[in-house]
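One structure is given here, and the rest of the page talks about it.
Every heavy atom of this structure was used, including side-chain atoms; hydrogens, water molecules and symmetry mates were not. What you are looking at is a predicted structure, and each value in this text was computed from that prediction instead of being measured.
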Amino acid sequence: MRRLALAAAMLASLALSACNKPSASGATADDMSLGNKDAKITVVEYASVGCPVCAKWQSEVYPAFKAKYIDTGKVRYVFREMLVGGGSELTVASAGFLLARCAGKDKYFPVVDAVFASQPGVFDTPRETLLEIAKSSGMSEDQFTQCVTDEAQIKALNARVERNARENDVTATPTFEINGRKMEPGYHSLAEIDAAIEAAGK
């Protein structure tokens with residue numbers, strides 16, 4: 001589990017670009033979601049692509065969760081962006097989310113998956129690793145640099161993070177919310193998610 005750090009994404013993103021080395025469970029307009037929009041169960045995950053615990057859940061639990069619930073239309077899955085930690089974790093998180101947004105809605109989740117999968121190496125070479133992810137999604141290096149230094153988008157990211165923390169009382173990642181009921185922040189097995197979904201459906 002990583003505690004929330006509402007730091008300036010702008011500083012982290014600018015530092016990255018300067019590196020020259022090789023509550024409501026309903027989705028908002030800014031949310032990214034997958035699955036059946038009319039599903040009776042909505043699972044919201046508050047996470048950071050720079051959070052190692054989130055990456056562990058993404059690798060070990062998410063594929064089975066997606067196959068069981070999202071792909072079958074049983075659940076609407078909403079992903080909400082958070083920034084946690086400091087240093088390289090914050091740099092990777094802010095730039096990773098900016099990159100995912102720049103890639104477009106159809107490529108948002110593949111980019112998020114790629115950033116998670118790039119841990120822990122991405123912390124040592126953030127610019128190089130994220131640039132490769134950007135190129136794989138069809139972006140040029142110039143487009144990547146412009147993306148992670150776009151002040152308007154940086155402000156929008158900070159606003160989303162602050163709103164998610166304030167309005168939904170989220171203080172750590174990952175935090176899962178099922179039909180408005182929050183689970184204890186931290187890593188949860190598929191069995192634990194199953195039980196929470198079953199309880200929410202009653």
Side-chain angles (χ1 to χ4, degrees), residues 1-17 23-35 37 42-55 57-58 62 70 76-116 119 122 126 130 133-134 137 139 143-180 182-183 185-186:
M1 181 176 65
R2 282 295 192 271
R3 291 292 173 185
L4 189 64
L6 291 178
M10 180 182 296
L11 296 177
S13 296
L14 291 177
L16 175 71
S17 68
S23 73
S25 60
T28 68
D30 287 333
D31 285 333
M32 292 296 180
S33 64
L34 293 171
K37 292 184 178 180
T42 296
V43 175
V44 179
E45 179 185 4
Y46 298 87
S48 167
V49 289
C51 162
V53 181
C54 302
W57 188 86
Q58 187 79 7
Y62 178 75
I70 300 174
R76 183 183 192 186
Y77 170 74
V78 178
F79 185 92
R80 288 187 177 155
E81 300 163 349
M82 305 301 295
L83 297 175
V84 297
S88 58
E89 284 188 23
L90 184 57
T91 298
V92 168
S94 57
F97 283 137
L98 292 168
L99 173 57
R101 294 274 175 171
C102 288
K105 284 195 173 184
D106 60 329
K107 296 179 181 178
Y108 178 87
F109 282 102
V111 169
V112 164
D113 290 344
V115 178
F116 274 133
Q119 290 191 33
V122 67
L130 294 174
I133 294 172
S137 67
M139 297 172 65
Q143 288 174 321
F144 168 75
T145 300
Q146 183 177 4
C147 171
V148 298
T149 57
D150 185 323
E151 291 191 20
Q153 292 308 310
I154 290 167
K155 289 178 181 177
L157 170 61
N158 272 328
R160 287 193 297 274
V161 169
E162 291 169 359
R163 184 179 66 245
N164 288 338
R166 181 183 65 252
E167 294 183 359
N168 301 291
D169 193 27
V170 176
T171 60
T173 61
T175 292
F176 296 93
E177 183 181 272
I178 300 173
N179 278 10
K182 286 192 190 67
M183 300 178 70

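A salt bridge (charged side-chain N to carboxylate O under 4.0 Å, His left out) check over residues 95-105, counting only residues at least two apart or in different chains, returns the pairs E81-R101.
In this structure, the side chains of N164 and V161 stay at 4.5 Å or more apart for every pair of heavy atoms. A 4.5 Å side-chain heavy-atom check between V53 and P174 finds at least one atom pair inside the cut-off. Side-chain contact between S48 and E89 is absent, with no heavy atoms from C-beta onward closer than 4.5 Å. For the pair V78/R80, a side-chain contact is recorded, criterion being any heavy-atom separation below 4.5 Å from C-beta on. At a threshold of 4.5 Å between non-hydrogen side-chain atoms, the residues T149 and L98 do not count as touching.
For D150, there are no side chain to side chain donor-acceptor pair (under 3.5 Å) partners two or more places apart in sequence or in a different chain. In this view, Y77 and Y62, F65 satisfy the ring pair (Phe, Tyr, Trp, His ring centres under 6.0 Å) rule, not counting sequence neighbours. In this structure, Q153 has no side chain to side chain donor-acceptor pair (under 3.5 Å) partners at least two apart in sequence or on a different chain. For the side-chain contact (heavy atoms from CB on, under 4.5 Å) test, residues two or more places apart in sequence or in another chain that qualify with Q143 are M139, S140.
The CD atom of E162 lies 10.0 Å from the CE atom of M82; values are rounded to the nearest 0.5 Å. To the nearest 0.5 Å, atoms CG (N179) and CZ (R76) are separated by 11.5 Å.
The aromatic rings of F79 and F109 lie perpendicular to each other, with more than 60° between the two planes, well past the 30° mark.
When all heavy atoms of G186 and F176 are compared, the closest pair comes out as O-CE1, 3.9 Å. Across V111 and S137, no two heavy atoms sit closer than the pair CG2-CB, 4.2 Å. Across every non-hydrogen atom of A47 and F97, the tightest pair is O-CZ, 3.5 Å. Here the shortest heavy-atom pairing between L130 and A95 reads CD1-CB, 3.7 Å. Listed here is the closest heavy atom pair of V115 and G96: CG2-CA, 4.4 Å. Of all heavy-atom pairs between A134 and F144, the closest is CB-CD1, 3.7 Å.
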